[in-house]
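Numbering starts at 1 and runs along the sequence shown.
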Amino acid sequence: MTKERLTSLDVFRGFTIFLMTIVNNPGSWSSIYPPLEHAEWHGCTPTDLVFPFFVFIMGTAIPFAMPVKHLDGAVFNKILVRSLRIFCLGFSLAFFGRIHLFGLEGFPLLAIRLIIFFGIAYALLGNFSLKLKTYLVFGILIVLLSLAYSGLEHFEDTRIPGVLQRIGIVYFFTSLLYLKTNLKTQIITAVSILVGYYLLMAFVPVPGVGEANFEKGTNLAAWLDNLLLNGHLWSVSKTWDPEGILSTLPAIATGITGMFIGQILNLSTDKIEIVKKLAIAGIVLLISGLLWNIIFPINKSLWTSSYVLYTGGIATLSLTFLYYIIDVANYKKWAKLFLIWGVNPMIVFYFSGIIPRVMSSIKMQNPEIGGDEIGFQAYIYEYGIVPVFENPLNASLAYALAYALFWSIILWILYKRKLIFKV
């Protein structure tokens with residue numbers, strides 16, 4: 001049993017995934033407007049809000065998806081399977097460019113890869129019985145982990161952590177916490193996680209490094225990532241991961257924060273009173289994050305406790321505004337674009353990761369260099385978009401917006417046909 005969907009929450013989710021799509025798909029990674037880039041280390045740009053917003057929204061949706069608190073074996077299995085399906089969707093993306101069969105190259109190899117990944121998508125997004133979902137997700141997880149640790153050349157450094165992987169883990173723990181505890185216990189749990197994480201990061205010496213610190217690659221979280229997931233971390237850093245093990249703990253607190261807000265939204269009281277409570281909660285979270293930033297810097301890659309509170313505050317205030325405009329004032333026509341994005345997030349998450357890989361795999365003849373090839377995405381950008389703009393930043397942004405328009409058309413078709421794909 002689930003409650004009726006909250007339109008403002010769907011719109012908030014849609015806006016977030018729309019922003020994610022633009023951020024993740026510039027025409028050129030060397031030409032990006034600063035707000036569309038992550039902070040170099042400490043600090044927070046608009047781009048650094050995207051991931052915690054997703055985790056927050058996922059937490060907010062839990063009280064709506066589970067209005068009746070009841071946990072038994074069947075419910076536990078349903079939560080576990082959904083968590084693993086989300087995890088495997090993200091994990092599988094790391095394998096796309098690594099699959100090589102029978103010495104195939106070019107379009108035949110690309111076709112094989114697409115068949116495999118459409119099969120994975122169908123298995124993880126299909127509406128099957130819970131029993132079949134369980135068999136499929138455990139089978140896929142075992143295959144992926146076996147390949148990652150097989151020692152085979154193409155898979156030996158496959159990344160295991162990731163965005164969807166973290167969302168799946170957070171969903172599992174926050175859902176169980178919601179079903180088994182009251183609001184007071186949930187708040188105490190979140191505070192304990194945030195304080196405990198700060199104490200670990202600020203005071204526990206880092207083996208092989210020395211004093212505790214919050215610097216890139218030498219902190220306790222980086223050490224634990226390298227110890228337990230050596231060879232399976234983010235390819236850019238190699239020795240630590242922005243979605244690593246220890247920093248997933250405060251991410252759970254972000255999910256709990258969203259869950260707390262979801263329970264306020266579910267109160268049987270006047271909507272204006274709900275708006276007031278949400279606004280107060282958002283301001284308290286925001287100010288608390290800014291104050292904690294003085295000793296524990298706001299940092300996405302470390303998912304610091306101040307980052308949890310700061311981004312949770314912004315997320316709460318953003319949702320409060322949308323809730324008032326859409327669900328209280330009933331002014332919602334303007335939001336249809338973001339609504340169609342918000343009801344089908346997993347399709348965008350997964351295939352928005354596949355499409356760029358496919359476009360890079362398709363090679364075109366370079367018009368400027370005879371005998372040289374260029375990826376299809378680069379071809380479109382360099383010879384279709386760049387000549388139209390004098391400013392390379394505008395050209396790069398135009399490509400991202402065109403890609404978002406492409407997805408908007410797809411999502412509009414799915415929305416009109418009432419096709420909603422859930423994990």
Side-chain angles (χ1 to χ4, degrees), residues 1-14 16-17 51-87 89-90 130 133 163-194 248-268 274 277-278 281-282 285 303 308-309 311-313 315-316 318-320 322-323 327 342-346 349 420-423:
M1 178 181 178
T2 59
K3 292 192 68 172
E4 186 178 347
R5 298 184 76 102
L6 187 67
T7 304
S8 55
L9 187 60
D10 281 334
V11 170
F12 188 26
R13 185 188 298 108
T16 303
I17 200 164
F51 193 2
F53 276 14
F54 276 125
V55 179
F56 173 92
I57 291 166
M58 179 271 298
T60 305
I62 287 174
F64 291 90
M66 307 175 186
V68 178
K69 285 193 171 188
H70 172 70
L71 180 63
D72 56 18
V75 173
F76 176 85
N77 189 41
K78 185 176 180 180
I79 292 171
L80 176 62
V81 167
R82 185 165 193 257
S83 302
L84 289 177
R85 290 180 109 195
I86 296 171
F87 185 96
L89 278 170
L130 181 59
K133 286 180 180 178
V163 171
L164 286 176
Q165 294 91 309
R166 173 168 284 182
I167 290 175
I169 293 169
V170 173
Y171 172 78
F172 177 75
F173 287 105
T174 50
S175 295
L176 294 181
L177 185 69
Y178 173 72
L179 291 177
K180 291 297 292 181
T181 65
N182 56 28
L183 185 58
K184 180 180 177 180
T185 301
Q186 293 160 21
I187 294 173
I188 291 173
T189 301
V191 171
S192 299
I193 289 173
L194 295 180
T248 296
L249 286 175
I252 293 173
T254 296
I256 297 173
T257 303
M259 194 166 63
F260 167 66
I261 298 303
Q263 290 172 84
I264 294 178
L265 286 165
N266 260 319
L267 291 174
S268 300
I274 291 177
K277 292 178 184 294
L278 290 174
L285 286 167
W303 211 281
V308 171
L309 297 177
T311 57
T316 300
S318 300
L319 182 55
T320 302
L322 291 172
Y323 177 73
D327 294 299
V343 297
N344 257 320
M346 281 301 166
F349 253 121
I420 297 177
F421 297 90
K422 298 179 181 180
V423 179

How far does [atom1] of [X] sit from [atom2] of [Y], to the nearest 0.5 angstrom?
X      : Y      : atom1 : atom2 : value
Asn182 : Lys69  : CG    : NZ    : 6.5 Å
Leu179 : Thr181 : CG    : OG1   : 8.5 Å
Leu80  : Lys78  : CG    : NZ    : 13.5 Å
Ile79  : Leu84  : CD1   : CG    : 12.0 Å
Phe260 : Leu265 : CZ    : CG    : 10.5 Å
Leu278 : Leu319 : CG    : CG    : 6.5 Å

Can you name the nearest heavy-atom pair linking [X] to [Y], along with the distance?
X      : Y      : value
Ile261 : Ala281 : CD1-CB, 4.1 Å
Pro52  : Thr311 : CB-OG1, 3.6 Å
Phe51  : Arg166 : CZ-CD, 3.7 Å
Arg82  : Val423 : NE-O, 3.2 Å

Side chain to side chain donor-acceptor pair (under 3.5 Å) partners for Gln165, two or more places apart: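 Result, side chain to side chain donor-acceptor pair (under 3.5 Å) vs Gln165: none returned.
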
Side-chain touch Trp303/Thr248, heavy atoms, less than 4.5 angstrom: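 No, side chains not in contact.
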
Whether Ser175 side chain and Phe172 backbone form a donor-acceptor pair below 3.5 Å: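 No; judged by distance alone, with no hydrogens or angles, the pair does not exist.
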
Exam field: side chain Thr60 to backbone Gly258, donor-acceptor pair closer than 3.5 Å: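 The answer is yes, because a donor-acceptor pair under 3.5 Å joins these two groups.
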
Ring geometry between Phe54 and Phe349 (parallel below 30°, tilted from 30 to 60°, perpendicular above 60°):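 Rings of Phe349 and Phe54: tilted, as their planes differ by 30° to 60°.
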
Passing candidate, side-chain contact (heavy atoms from CB on, under 4.5 Å) with Val55, options Ile167, Thr257, Val163, Ile252: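 The passing option is Ile167.
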
